[in-house]
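The block underneath contains the structure these notes are about, expressed in structure tokens.
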Amino acid sequence: MDDRTMTSTISLSQELQQVTADLHRVNAWAGLLRFSVIGLIFLSLVTLAWSVSNTILFVSLTALAGVFYAFWFICTHDTIHRTLTGWTWFDSVIPRLITWPMFWPYSLYSEIHRLHHGWNGIDLRDPERVQWTWQEYQQAHPLLQWYVQHQWICDIFLLGGFGMIFKTFIQALHFQKLVPRIRRQLLIDVTGMLLINGVLLTIVISQGELLRYLLFWLILERVMGAIGQTRDHLEHYALWGKFTSHQLTQLYACRNLKTSSLAGWLMGGLNYHAVHHAFPNIPFNRLPEAFERIQGVLQKHNLPLMQMEPGYFKSAYWLSYHPSLIGEVNKSEPTNRHHMIPA
């Protein structure tokens, strides 16, 4: 990078910081309202499901509860960044209590998610990278190559929540030497999950409802896993590339999605994922405003604007039918994005 480019990059970074400086303050009540409303709907649906004797109705209500449980889980992403309420005790304790019943290792995920924010688009070791490189694909067993060609369907509908849980444990163990805190977080998660699920199983067994509870848990896992895997794939798939600064890399290596204000609220503003990655301390309710301000700065500096792609369903459908691999840097691409090679 020459001196002129470096000076321009520093100036741009400072301007981006300035235009978003007043958006970092967390409104605890906005976050608490979102968390409480979604949680209340979920718990109400669970209560209703367990109050009916009809199996079809039980399954239907549990599946609907799973949708809101997934949105409740997404609230815990904000707690990792301390942008849900800003209350340390709340953002530390509550997310573990609502995720451990599903065996989700929240503490471990918190650690590897920080690596993801530092490495996305930059370092292929990124623990949340779901897209394979061309080299990885060529060296893989034919069975794994088949999996890559059908990755979206396999991950969303087959692996689901089990796949996300397993991947998180594997990645955490892989990076435990790099992040020593992972060993402590592993102990916290395993202990918490065993205690909470031990209590729940004791209750359902004493009531003679073990099989019904296992069905209930499996339905939640399937629904939540499908939503979680879809979001996980959409956020970065086919966007790998490193630009001139970390902020610009995040703005161009993450996907923004058009959606309704209600869906955006339920998703915690993660439809503005590029803005979140560039400024992870901006709370969910200020991300739309930050998006507009950042676009203005990019336009002023004659840089490519961030794109707003079709909504979650349209984008997931198109990408799932066009699986691709990360190739070499595409020098004709203004954002330094890599070539995307059809799988």
Side-chain angles (χ1 to χ4, degrees), residues 20 22-47 65-117 128 161 164-165 168 172 179 181-182 184-200 220 224 227-228 231-232 261-273 275-277 279-290:
T20 59
D22 63 325
L23 302 179
H24 291 259
R25 185 172 182 177
V26 177
N27 182 341
W29 300 110
L32 189 62
L33 176 64
R34 174 170 150 245
F35 181 88
S36 300
V37 169
I38 295 174
L40 182 61
I41 294 174
F42 164 68
L43 293 173
S44 298
L45 287 169
V46 169
T47 301
V67 173
F68 285 93
Y69 200 3
F71 292 138
W72 213 20
F73 254 61
I74 291 172
C75 288
T76 67
H77 170 269
D78 298 61
T79 62
I80 291 174
H81 296 284
R82 298 292 189 265
T83 56
L84 184 67
T85 67
W87 301 334
T88 302
W89 69 269
F90 187 96
D91 290 353
S92 298
V93 177
I94 300 302
R96 290 175 169 86
L97 293 181
I98 71 170
T99 58
W100 281 341
M102 294 303 298
F103 291 97
W104 177 247
Y106 171 84
S107 308
L108 292 179
Y109 178 70
S110 298
E111 297 297 333
I112 65 173
H113 188 65
R114 294 185 179 94
L115 294 178
H116 165 61
H117 267 263
E128 294 187 42
M164 296 185 74
I165 292 169
T168 301
V179 186
R181 277 170 49 88
I182 282 179
R184 178 172 176 270
Q185 303 290 33
L186 175 62
L187 178 61
I188 291 173
D189 276 337
V190 171
T191 302
M193 288 187 291
L194 290 177
L195 285 174
I196 285 185
N197 284 282
V199 171
L200 291 174
L220 291 181
M224 295 172 63
I227 294 174
R231 182 181 75 86
D232 196 35
S261 56
L262 175 60
W265 183 79
L266 290 169
M267 293 298 297
L270 290 179
N271 52 307
Y272 293 98
H273 203 64
V275 182
H276 163 68
H277 256 259
F279 298 96
N281 293 326
I282 295 180
F284 73 95
N285 56 315
R286 307 305 298 273
L287 291 174
E289 186 177 356

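Remember, predicted model here, so these are calculated numbers, not experimental data. The figures here come from the full heavy-atom set of this structure, side chains too, leaving out hydrogens, waters and symmetry mates.
Arg82 and Thr88 share no donor-acceptor pair across their side chains, judged by distance under 3.5 Å alone. Under the 3.5 Å distance criterion, with hydrogens and angles disregarded, a donor-acceptor pair is assigned to the side chains of Asp91 and Thr85. A donor atom on one side chain and an acceptor atom on the other are not found under 3.5 Å apart for Asn197 and Trp100. Side-chain atoms of Thr79 and Tyr106 include a donor-acceptor pair closer than 3.5 Å.
With ring centers used as reference points, Phe90 lies under 6.0 Å from Phe35.
Counting heavy atoms from C-beta on, the side chains of Tyr69 and Pro101 come closer than 4.5 Å. Annotation: side chain of Ile165 is not in contact with side chain of Met102 (no heavy-atom distance under 4.5 Å). Contact of the Met267 side chain with the His273 side chain is not registered, since no non-hydrogen atoms from C-beta on lie closer than 4.5 Å. Counting heavy atoms from C-beta on, the side chains of Val190 and Leu194 come closer than 4.5 Å. In this structure the side chain of Trp265 reaches within 4.5 angstrom of the side chain of Ile38, judged on heavy atoms. Residues Tyr109 and Glu128 form a side-chain contact, since some pair of their non-hydrogen atoms from C-beta on lies under 4.5 Å apart. Residues Pro283 and Asp78 fail the side-chain proximity criterion, which asks for heavy atoms closer than 4.5 Å. Within the 4.5 Å cutoff, the side chain of Leu270 has heavy atoms near those of the Ile74 side chain.
Residues Ser107 and Gln185 come closest through the heavy atom pair CB-OE1, 3.5 Å. The two residues Met193 and Pro105 have their closest heavy-atom pair at SD-N, 4.4 Å. Annotation for Ile227 and Ala70: closest pair CD1-CB, 3.7 Å, computed over non-hydrogen atoms. Thr20 and Ile282 make their closest contact through CB-CD1, 4.1 Å (heavy atoms, listed as atom of the first residue, atom of the second, distance).
A distance-only check finds no donor-acceptor pair linking the side chain of Arg34 to the backbone of Ala30 [under 3.5 Å]. Using a distance-only test at 3.5 Å, with no hydrogens or angles considered, a donor-acceptor pair links the side chain of Asp189 to the main chain of Leu108.
A perpendicular orientation is assigned to the rings of Phe71 and Phe68, their planes being inclined by more than 60° (bins at 30° and 60°). Between Trp89 and Trp87, the angle of the ring planes stays under 30°, which puts this pair in the parallel group of the 30/60° scheme. Relative orientation of the His81 and His113 rings is perpendicular, given thresholds of 30° and 60° on the angle between their planes.
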